[in-house]
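Letters A, B, ... are given to chains in the order of the sequence lines, protein chains preceding strands, and every chain is numbered from 1.
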2 protein chains.
Amino acid sequence: MSSIRVVQFGLGPIGQACVKVLVEKSGIELLGGIDIDPQKIGKDVGEICGLKESLGVVVRGDAEAALAEWTPDVVVHTTTSYLGDVEGQLATIIRAGAHIVSSTEELFYPYRRDPEFCRRIDQMAKQHGVAVVATGVNPGFAMDILPLCLTGVCTNVTKINVRRVVDASRRRLSLQKKIGAGLTPEAFAQKLAGGHFGHVGLRESAFAVMETLGWPVDEIHEDIKPVIAEERVTTPFLTVDSGQVAGLHQVMRVKSGGRERLILELWMYVGAKDPHDSVEIIGEPLLSVRLAGGIFGDTATVGALINTIPKIIHAQPGLRTMVELPVPHAFLGMKV
Amino acid sequence: MSSIRVVQFGLGPIGQACVKVLVEKSGIELLGGIDIDPQKIGKDVGEICGLKESLGVVVRGDAEAALAEWTPDVVVHTTTSYLGDVEGQLATIIRAGAHIVSSTEELFYPYRRDPEFCRRIDQMAKQHGVAVVATGVNPGFAMDILPLCLTGVCTNVTKINVRRVVDASRRRLSLQKKIGAGLTPEAFAQKLAGGHFGHVGLRESAFAVMETLGWPVDEIHEDIKPVIAEERVTTPFLTVDSGQVAGLHQVMRVKSGGRERLILELWMYVGAKDPHDSVEIIGEPLLSVRLAGGIFGDTATVGALINTIPKIIHAQPGLRTMVELPVPHAFLGMKV
């Protein structure tokens, strides 16, 4: 079996972390990186990612020309959370004939947010014989694929409760900023009113779970509140004083047929006590699952992306979701 | 979408439990049952299964003729744990052009136990355009699909530890007998020496996990010991006195490349304290998962079987495993 030829599209923190794992996997050949940052273009991908050795492959800014030259099998796409920003990037990759594994949260289950976008991407992917899928830890696993997988042994399910309590102190700076850590409560309220704030993807997880289980979403309500620090918290990146915002508490409640069917609850703040993930399947049998310490998201997102590479090359062409792909599992490389 | 037309093949405790769930699912049409027991043949399936109302479909003993008449889409096959006993049954179903979802433990991942059997069934299934898969809670979920799914967010895995502690008091009589509950330690030792004793399927789970992760199985060692009751335990079916066997402790240890990679540990005895399932993925990130109370196996096996019905009709023809099918999830019926 020959190597899978991969390009890393987007060299922010997640893209850089992907490169570090990709180069360790036998069976993966990294062809190059793509980014818009002039500081990165032209440099060795290894240098950009903080590796000790250069990789002999470079970062380019001209995606279309680079992909035409490299002709990758799969592109790992890690640029932004929002559908509205990625259509051009996806189209460029699809036209180059490469499968896509993306970290774009809104792409995980995009059918309700933008059906027209989905039709366009699906059609284009089918024309070019490639498959497109988005994954990650959340959305992509903790609040959707894992709960769904657990229901796989249930003869009936009436409700699902998922809770993530994440200590953001250990996470990357961009995530700490995204959740408002260090803001005043007033600044948090302003940011919230401005939109594009809070963790992206609860809605996508909710629709994926509900529609896969055959529960039409009749009502969906999301609530985001600040978590106020009760004492000073210092992370490697910033300090949050008592009374400032430590992060957020975000809850998605979903009803179908007049019944509450799904609650997705995310506590993500610096200094969170007792971090964990839990899933409760109210069904037959009842399942009460707890992941002590929680799933470390920065690593898990990278794992989810890279483990999907061998699966996407065998998927049916078109816009796909993780629900359609075979059960996820680690890709440990071909000779490990 | 029209209903999926199903026949229940085998009307022991698991088959009867399947019927009770099947008849509750919209989108499933139960055509009849098949069994070899003269006490059951000719009777209404509902009556055999202890339902209050007759179902208007009967139990037949002439499988070939019955299947030719009924022409089911899918047969739910629940007869025995062992490969050696099911080839004729599977062949009859395949020749009738029906997909198979089976509870036969040794069929969950049969490639190492009997490659020739696999070739024959795979070829026959492909000839008839049907797919064959086996599932359940163990093997089928707790010690294989769930751990594999968890590794789906790992960038690396070095070892997996799975433990099930099952209080057999709550399980069916046939299971209590299977684990030796009520035997003297001497009788347990004799049964063990006689073979076909202990929980079936740890080996299948082990090979499925190891080979899916790309770890060749170099050494595999299974150990079964009795758990001796320290006090009298009474179940709805039997009484175990202090000093008698309460059940078993079964451990499978698997090495690859000189390293221990997988431990599957099953405590299954009447009166077990703190029943639970746990999975520990030693990897990046580390995942420590606990299902409080454990997964109630009698129900979960039925759930696993029935939830696979809508998936098997879309699978590639041939002998399949749950690792190849899309991520499992509950099938709640088409109009629930």
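Between chain A and the residues S278(B), P147(B), A142(B), C154(B), the largest count of heavy-atom pairs under 4.5 Å involves C154(B). Most heavy-atom pairs under 4.5 Å with chain A, from the set L148(B), V323(B), I295(B): that is L148(B). Across R290(A), E284(A), K311(A), the residue that shares the most heavy-atom pairs under 4.5 angstrom with chain B is R290(A). With respect to chain A, the highest number of heavy-atom pairs below 4.5 Å among I145(B), I281(B), V137(B), T212(B) belongs to T212(B). Taking chain B as the reference chain and counting heavy-atom pairs below 4.5 Å, the highest number among C149(A), G140(A), S256(A) is found for C149(A). For the options L286(A), L150(A), L305(A), L146(A), heavy-atom pairs under 4.5 Å to chain B are most numerous at L150(A). For the set D298(B), T308(B), T299(B), the count of heavy-atom pairs under 4.5 angstrom toward chain A peaks at T299(B).
Both the backbone and the side chain of F296(A) come within less than 4.5 Å of a heavy atom in chain B. The part of L287(A) that comes within reach of chain B is its side chain, from C-beta onward, which places non-hydrogen atoms under 4.5 angstrom from that chain. Of the two parts of V21(A), only the side chain, counted from C-beta on, holds a non-hydrogen atom closer than 4.5 Å to a non-hydrogen atom of chain B.
Contact of the I312(A) side chain with the I100(A) side chain is not registered, since no non-hydrogen atoms from C-beta on lie closer than 4.5 Å. At a threshold of 4.5 Å between non-hydrogen side-chain atoms, the residues V166(B) and P275(B) do not count as touching. A 4.5 Å side-chain heavy-atom check between L332(B) and V157(A) finds at least one atom pair inside the cut-off.
The two residues R320(B) and A131(B) come nearest to each other via the heavy atoms CG-CB, 4.2 Å.
Under the 4.0 Å criterion applied to side-chain N and carboxylate O atoms, D218(B) and K255(B) are not assigned as salt-bridge partners.
Screening L11(B), V23(B), L22(B) for a side-chain contact (heavy atoms from CB on, under 4.5 Å) involving C49(B) leaves a single residue, L11(B).
Between the S205(B) side chain and the D144(B) main chain, no donor and acceptor come within less than 3.5 Å of each other.
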